[in-house]
Amino acid sequence: MRDMAKWFLLLVLGLLVSLPSTAAAQVSSLQSSPFVLPAGLEPAVDFWKKVFSEVSLSQLIYFDPSDMSKIYEVVEVGEDSRSNDYINDERARIAAANGVDIERVKAQRGVKERTAAGIKRSGRYISQIKQIFKDRGLPPELTYLPIVESSYDMSARSSVGALGIWQFMPRTGREYMRVNSVVDERLDPIESSRAAASYLQQAYEFLGSWPLAITSYNYGKGGMARAVAEVGSDNLVDLI
């Protein structure tokens, strides 16, 4: 789901409008967008808008993954991690109460505080990042992808080794910038943004659409091309 959220965030600028006024001001100049919401994804988009802009880190949303417009409960649990046993017990309770199989109940923690903090943090270098993307002729909406990737935290590191605001893996990072034992430009918000712009531009040219290019940020250009060939469609809804 986290991978899908990246595309949803870019599809719906309304998410940014619903954030604190500082975030809305940053995107108020965007009059048009090259991103069109594919029919059928509206419930998922609305769900992720809630996750990123309305639901707190102290809350768990229990929802139906097959119909994301169906939210069973939003439960206050505090910001400490809850065990799998606790969550599964709650899923079982909610499933029984609603007469559905437990697989029709999933849990997702809200992240509105992280989103707001990321927007605030981005103020240090967002204008420079936008200029980098503008110089490449890329949509300015793409500069908000780090909201999901890292909340614009320069030192963000994933459990699998992705690093920096754009969360480049070492192998991909070395294709677009210096990543070695002495210098790691994944930690540089400007150099890594140049790398991200290069990657996204190449992915768009290779795959032919922004939905595929953005999704390839996690699955790779080759992975997306294979998926299109396997499914026989380049429509994001079909691929999902």
Side-chain angles (χ1 to χ4, degrees), residues 1-13 15-16 19 23 26-27 30 33-35 48 51-52 111 113-207 209-225 236:
M1 288 299 188
R2 182 175 177 274
D3 301 325
M4 291 166 60
K6 295 169 176 56
W7 174 233
F8 297 155
L9 182 64
L10 293 169
L11 279 170
V12 188
L13 290 179
L15 168 61
L16 299 177
L19 293 173
Q26 290 183 6
V27 296
L30 300 178
S33 171
F35 304 109
W48 287 110
V51 170
F52 282 98
V111 294
E113 294 90 348
R114 291 178 185 170
T115 305
I119 289 289
K120 183 177 180 180
R121 195 180 294 119
S122 74
R124 304 173 188 172
Y125 29 72
I126 191 64
S127 60
Q128 292 172 273
I129 296 174
K130 283 185 176 180
Q131 188 61 50
I132 290 168
F133 278 65
K134 180 180 179 181
D135 290 345
R136 300 288 185 90
L138 297 174
E141 293 94 332
L142 294 171
T143 62
Y144 290 98
L145 188 53
I147 291 174
V148 179
E149 288 287 352
S150 64
S151 295
Y152 292 97
D153 182 353
M154 290 186 292
S155 61
R157 182 188 298 270
S158 78
S159 59
V160 294
L163 192 63
I165 68 170
W166 290 95
Q167 289 291 281
F168 272 101
M169 293 292 287
R171 179 178 177 181
T172 307
R174 283 191 287 270
E175 296 180 27
Y176 296 95
M177 56 191 142
R178 290 183 296 171
V179 178
N180 54 50
S181 59
V182 178
V183 178
D184 193 337
E185 290 183 336
R186 293 180 297 165
L187 291 167
D188 185 318
I190 304 306
E191 290 303 323
S192 64
S193 293
R194 292 192 178 101
S198 295
Y199 175 88
L200 289 166
Q201 185 174 42
Q202 290 177 11
Y204 177 73
E205 291 170 354
F206 177 66
L207 295 166
S209 78
W210 282 119
L212 299 185
I214 293 167
T215 309
S216 80
Y217 201 80
N218 278 92
Y219 293 105
K221 296 189 290 290
M224 289 307 300
L236 183 63

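Note that this is a predicted model, so its numbers are computed, not measured.
- A distance-only check finds no donor-acceptor pair linking the side chain of E149 to the backbone of F168 [under 3.5 Å].
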Q: Apply side chain to side chain donor-acceptor pair (under 3.5 Å) to S193 and W166, showing your working.
A: CA-CA 7 Å; S193 293; W166 290 95; 2.8 Å; yes
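- The side-chain hydrogen bond (donor to acceptor under 3.5 Å, both in side chains) check on Q131 picks up D135, with sequence neighbours excluded.
- Taking the salt bridge (Lys or Arg N to Asp or Glu O under 4.0 Å) definition, one finds that R114 meets it with nothing, sequence neighbours left out.
- Between the CG atom in L200 and the CZ atom in F133 there is a gap of 5.5 Å [rounded to 0.5 Å].
- Identified under the salt bridge (charged side-chain N to carboxylate O under 4.0 Å, His left out) test for residues 192-205, with sequence neighbours left out: E191-R194.
- Annotation: side chain of L142 is in contact with side chain of W210 (closest heavy-atom distance under 4.5 Å).
- For D153, there are no salt bridge (Lys or Arg N to Asp or Glu O under 4.0 Å) partners, not counting sequence neighbours.
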Listing, residues 157-165 side-chain donor-acceptor contacts under 3.5 Å, not counting sequence neighbours, or none:
| residue | atom | partner | partner atom | Å |
| --- | --- | --- | --- | --- |
| S158 | OG | V160 | N | 3.3 |
| S158 | OG | G161 | N | 3.3 |
| S158 | OG | A162 | N | 3.0 |

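- In this structure, S127 has no side-chain contact (heavy atoms from CB on, under 4.5 Å) partners at least two apart in sequence or on a different chain.
- Applying the salt bridge (Lys or Arg N to Asp or Glu O under 4.0 Å) test to R178 and every residue at least two apart in sequence or in another chain returns E185.
- Here the OG1 atom belonging to T143 is positioned 5.0 Å from the OH atom belonging to Y152, to the nearest 0.5 angstrom.
- Partners of Y125 under the ring pair (Phe, Tyr, Trp, His ring centres under 6.0 Å) rule, at least two apart in sequence or in another chain, do not exist in this structure.
- The CE atom of M224 lies 4.5 Å from the CG atom of L212; values are rounded to the nearest 0.5 Å.
- Considering only heavy atoms from C-beta on, L138 stays 4.5 Å or farther from Y204 through its side chain.
- A donor-acceptor pair is defined here as one N or O able to donate and one able to accept, closer than 3.5 Å; no such pair exists between the side chain of T172 and the backbone of M169.
- Residue D184 holds its CG atom at 10.0 Å from CG of D188, rounded to the nearest 0.5 Å.
- Under the rule for a side-chain hydrogen bond (donor to acceptor under 3.5 Å, both in side chains), Q128 has no partner lying at least two apart in sequence or in another chain.
- Taking the side-chain contact (heavy atoms from CB on, under 4.5 Å) definition, one finds that A203 meets it with Y199, A213, S216, K221, sequence neighbours left out.
- Under the side-chain hydrogen bond (donor to acceptor under 3.5 Å, both in side chains) criterion, S151 pairs with no residue at all, not counting sequence neighbours.
- Side-chain atoms of S198 and E175, non-hydrogen and from C-beta on, never get closer than 4.5 Å to each other.
- Annotation: side-chain contact (heavy atoms from CB on, under 4.5 Å) contacts of A117 (sequence neighbours excluded): R121.
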